[in-house]
Protein chains: 2
Amino acid sequence: MAEPKTLVNPLFLRDEDLRQGIELLFFAYRDFTARGDAILAKQHFGRAHHRVIYFVGRHAGITVSDLLAILRITKQSLSRVLSQLVRENYIEQRTGTSDRRQRLLYLTEKGRTLEQELTSEQQGRFAAAYKDAGAIAVEGFRKVMLGTMDPSSRKHFQAPDKLNDKLNDKPGDK
Amino acid sequence: MAEPKTLVNPLFLRDEDLRQGIELLFFAYRDFTARGDAILAKQHFGRAHHRVIYFVGRHAGITVSDLLAILRITKQSLSRVLSQLVRENYIEQRTGTSDRRQRLLYLTEKGRTLEQELTSEQQGRFAAAYKDAGAIAVEGFRKVMLGTMDPSSRKHFQAPDKLNDKLNDKPGDK
DNA sequence: TATTTAAGTCAAGTATGCTGACGTATTATG
DNA sequence: CATAATACGTCAGCATACTTGACTTAAATA
């Protein structure tokens, strides 16, 4: 419409190459989650449990609503998984101090152990891939991934301090 | 064990950076599939239908067993989705000529239209991301994605002719 | 006090996967 | 040619991870 993109169409923007992008993401994600799924299955957990454990580990003290915003699932879907994890002592809930309606989420020792098992497998995949591909490739990977995701999701990849600000923003919280 | 990796641990192999890789993949995949899911929902289809339509479009005349190998699901799981797509005239089955047990799969016009709608949305995401990031970044993205996936999955990204050879390998097929 | 917010819950439903067991047509093999 | 193997389909049952909608409770806020 406004810009005739067909006139400036580098090789890597051909239909074929764009399909390759789609497929790279498909196969990478499928393989990336497979091993974790297998580990989880032993505990009778699924991928949903993994995601909860991962992000609670990442953001200790996260509220339920912030977790819902990250996962983009419904409260009811989270509820089943979360209450299971609390019941089986992987996650601990503490009443918020500044807002006592909140239930802040933390991993227990048991939860941290499982989180490490799952995360280290996936980190191992990235460690190997990053090492083989090199620093420049890693930066390219980062750029492309950020480019494909919704703009609203990119805020998760700003400076870590800023992210924590966003998640725990109670101004007078000493 | 054999190699003490902790001694050679460049900046981009720190725990934090490896976690960022995990999260880039998570958020990118989540956003990448969201719009398609919404389009599919109108037709009362799900992501499973999308995958079938995509790969049948990509490999016209693929056999059921080759499709199963790509998707890594069971025959029964595919069956439900596939028979629905055949019944509603998105996919056509033709008896194989060299092996009459095979049911070769093709998109119908209706199927091709839906495939295009779904694929072009995702291609648009990659087109924008590739354009912003540049050719070097695209190559880096490709390397890292290939590195994270299982070695067995990398064969899907060899020269396209070779892939077709693999899928339609009837040596004497004139 | 009235409203909003954070979190949890009940009920019902859908999509996608699984296992196991069979059936049928076709091809390959002893 | 009889038997085995292959490609595909299907029936039945089950589990998990999601969904929407309605409602409750407790706490914060206007």
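Each chain gets a letter, A, B and so on, in the order its sequence line appears, and its residues count up from 1.
- Rounded to whole Å, the distance from CD on Q76(B) to C1' on dG9(D) is 9 Å.
- Taking atom CZ of R101(B) as the reference point, atom C1' of dT24(C) lies 12 Å away to the nearest angstrom.
- The NE2 atom of H44(A) sits 17 Å away from the P atom of dC18(C) (whole-angstrom rounding).
- Side-chain N/O atoms of Q93(A) include one lying less than 4.0 angstrom from OP1 or OP2 on dG8(C).
- For S77(B) and dC18(C), the shortest distance from a side-chain N or O to OP1 or OP2 is below 4.0 Å.
- Taking atom CG on L68(B) and atom P on dG17(C), their separation rounds to 11 Å, with Å as the unit.
- Contact annotation: T74(B) does not reach the phosphate of dG17(C) (side-chain N/O to OP1 or OP2, under 4.0 Å).
- Out of dC11(D), dG9(D), dA6(C), the shortest distance to the side chain of V64(B) is found at dG9(D).
- With salt bridges taken as basic N to acidic carboxylate O contacts below 4.0 Å, none links D31(A) and R154(B).
- Ion pairing of K143(A) with E139(A) is absent here, as no side-chain N (NZ or NE/NH1/NH2) approaches a carboxylate O to less than 4.0 Å.
- The CG atom of D37(B) sits 12 Å away from the P atom of dT20(D) (whole-angstrom rounding).
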task: Go through F157(B) and F27(A) one step at a time and tell me if the ring pair (Phe, Tyr, Trp, His ring centres under 6.0 Å) criterion holds.
output: CA-CA 10 Å; F157(B) 301 94; F27(A) 288 109; 5.7 Å; yes
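- When heavy atoms are screened at a 4.0 angstrom cut-off, Q84(A) is found touching no nucleic acid atom at all.
- Applying the 4.0 Å criterion to OP1 and OP2 of dT5(C), one finds that S65(A) has every side-chain N and O outside that range.
- Look at H49(B) and you won't find any side-chain N or O under 4.0 angstrom from OP1 or OP2 of dA15(C).
- Take the nearest nucleotide of DNA chain D for R100(A) and for I73(A): the residue whose nucleotide is more 5' is I73(A).
- Across the protein-nucleic acid pair, R103(B) atom CZ and dT24(C) atom P stand 14 Å apart, rounded to whole Å.
- Atom CZ in R80(B) sits about 17 Å away from atom C1' in dC8(D), given to the nearest Å.
- Residues meeting the side-chain contact (heavy atoms from CB on, under 4.5 Å) test with Q122(B), sequence neighbours left out: I22(A), F32(B), H50(B).
- Relative ring orientation between Y29(B) and Y29(A) is described as parallel, the plane-to-plane angle staying below 30° on a 0-90° scale split at 30° and 60°.
- The separation between K75(B) atom NZ and dG20(C) atom P is 14 Å, rounded to whole Å.
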